[in-house]
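First the structure, in the form of structure tokens, and then the observations on it.
All of these numbers come straight from a predicted model, not from anything done at the bench. As the structure lists them, so they are numbered: ligands from 1, and atoms in each ligand from 1.
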Amino acid sequence: MALISQSRRLRRTPFSDGVEAAGVKAYTVYNHMLLPTVFRSVQEDYHHLKSAVQIWDVACERQVELRGPDAGKLMQMLTPRDLRGMQAGQCYYVPIVDETGGMLNDPVAVKLAEDRWWISIADSDLLYWVKGIANGWRLDVLVDEPDVSPLAIQGPQAETLMARVFGDSVKDVRFFRFGWFDFQGRSLVIARSGYSKQGGYEIYVEGSDIGMPLWNALMEAGRDLDVHAGCPNLIERIEGGLLSYGNDMTDDNTPHECGLGRFCDTQTAIGCIGRDALLRVAKEGPIQQIRSIAIDGPAVGGCDRWWPVLAGEKRVGWVSSAAWSPDFNTNVAIGMVRMTHWDADTSVHVQTPDGLREATVREKFWL
Ligand code: THG
């Protein structure tokens, strides 16, 4: 593929200087912003993520901030997950659905206070949907994108590194909770979360000016831990079943098709805009659903378009993400599979660019 030209529309991040100094080899575009995808190689990055600690520029996980008396009401309109029990200091993974129950995004909601939320979005222009609802319903809430850029610290040594920079109390932060921690006189939200199954934190860096000072402080503090710049890793996130909006699902899919039914409480999520539509589809149940798929044979590359899942001549699904897994010695994949073939251990074929391959639909993901 040719190079992509840089311009003001393709936004840099507060950490881009550090990412470049660390030798980034490839980027993708996410929320109109640069997102690194490769440093040394996808496989080297993978082994390092699973054995050491990495610093990820995930500034592209932009925040939609809701501020005002109606912030909580607006948040509940966006998602079928019941937010009534959610406390300030908690993060929830929340499907966001439209009036048909179609997925518009799958962000992490961060409850800062009763009247202040961040929605840490995946790759779709959710801001406009949220602004439209706030204005259309005349809600008393401000909706905008603040100068907040997540920096993820991921890997088995993440806790050790974070304690060196923020103190031992950062170890007390529980999964999908956050606390406020000081860096150079600024108070930052730090959550135990991140787009890997290796454990770690996400620092919501408020104020672009402290981006590089924080990046450098973490790099310095982790020298003996073999800290390295990293990024969400294709192989590891497929092994872990972490979904990628726009790749594995779109607004054509309901949360139930995406296997996100466990994050829906549609009966009690009163006010959710997609509630009626979802109550209907939840009663019938989905007729296709995301599955873990093992594809036999040598390494298949990438997956920049959907690959047909076949049962004989008949197409029974699509593979949306795939990569060779060194640890599991097979090609790991995520796909949408029709109910006739979604049972565990069902044999199918996948039409890859390298030819037709035998494959197995699995019960669970690998991690
Ligand atoms: N962190 C933050 N913002 C994000 C992402 C993130 N925005 C974009 C994208 N990632 C949103 N998608 C996801 C997908 C999965 C998870 C988080 C965001 C995730 N899932 C865990 C799992 O499936 O094991 C845990 C879910 C749970 O138990 O609540 O973490 O990564 N800030």
**Asked** Aromatic rings Phe328 and Trp366: how do their planes relate, parallel, tilted or perpendicular, breaks at 30° and 60°?
**Response** tilted

**Request:** Heavy-atom distances under 4.0 Å are what count here, so tell me which part of Trp56 touches ligand 1: side chain, backbone, both or neither.
**Result:** neither

**Asked** To the nearest 0.1 Å, how far is atom 11 (C) of ligand 1 from its closest protein heavy atom, and which atom is that?
**Response** Asp106 O, 3.1 Å

**Message:** Please classify the Tyr92 to ligand 1 contact at 4.0 Å (heavy-atom distances, strictly less than): side chain, backbone, both or neither.
**Reply:** neither

**Fill in**
The answer for which part of Leu242 has a heavy atom under 4.0 Å from ligand 1 is side chain

**ligand 1 contact by Tyr204, heavy-atom criterion under 4.0 angstrom** = yes

**Complete:** Counting heavy atoms under 4.0 Å, the part of Trp118 that contacts ligand 1 is neither

**Prompt:** Applying a strict 4.0 Å limit to heavy atoms, is Gly194 in contact with ligand 1?
**Reply:** yes

**Request:** Please indicate whether any nitrogen or oxygen in Lys197 is less than 3.5 Å from any nitrogen or oxygen in ligand 1.
**Result:** yes

**Request:** For ligand 1, find out whether one of its N or O atoms is nearer than 3.5 Å to an N or O atom of Glu202.
**Result:** yes

**Request:** Please work out whether any backbone atom (N, CA, C, O) or any side-chain heavy atom from C-beta onward of Ile121 is under 4.0 Å from ligand 1, and answer side chain, backbone, both or neither.
**Result:** backbone

**Message:** Under the side-chain hydrogen bond (donor to acceptor under 3.5 Å, both in side chains) test against Ser149, which residue among Gln63, Arg62, Glu61 passes?
**Reply:** Arg62

**Message:** Check for me whether Phe263 has a heavy atom closer than 4.0 Å to any atom of ligand 1.
**Reply:** yes

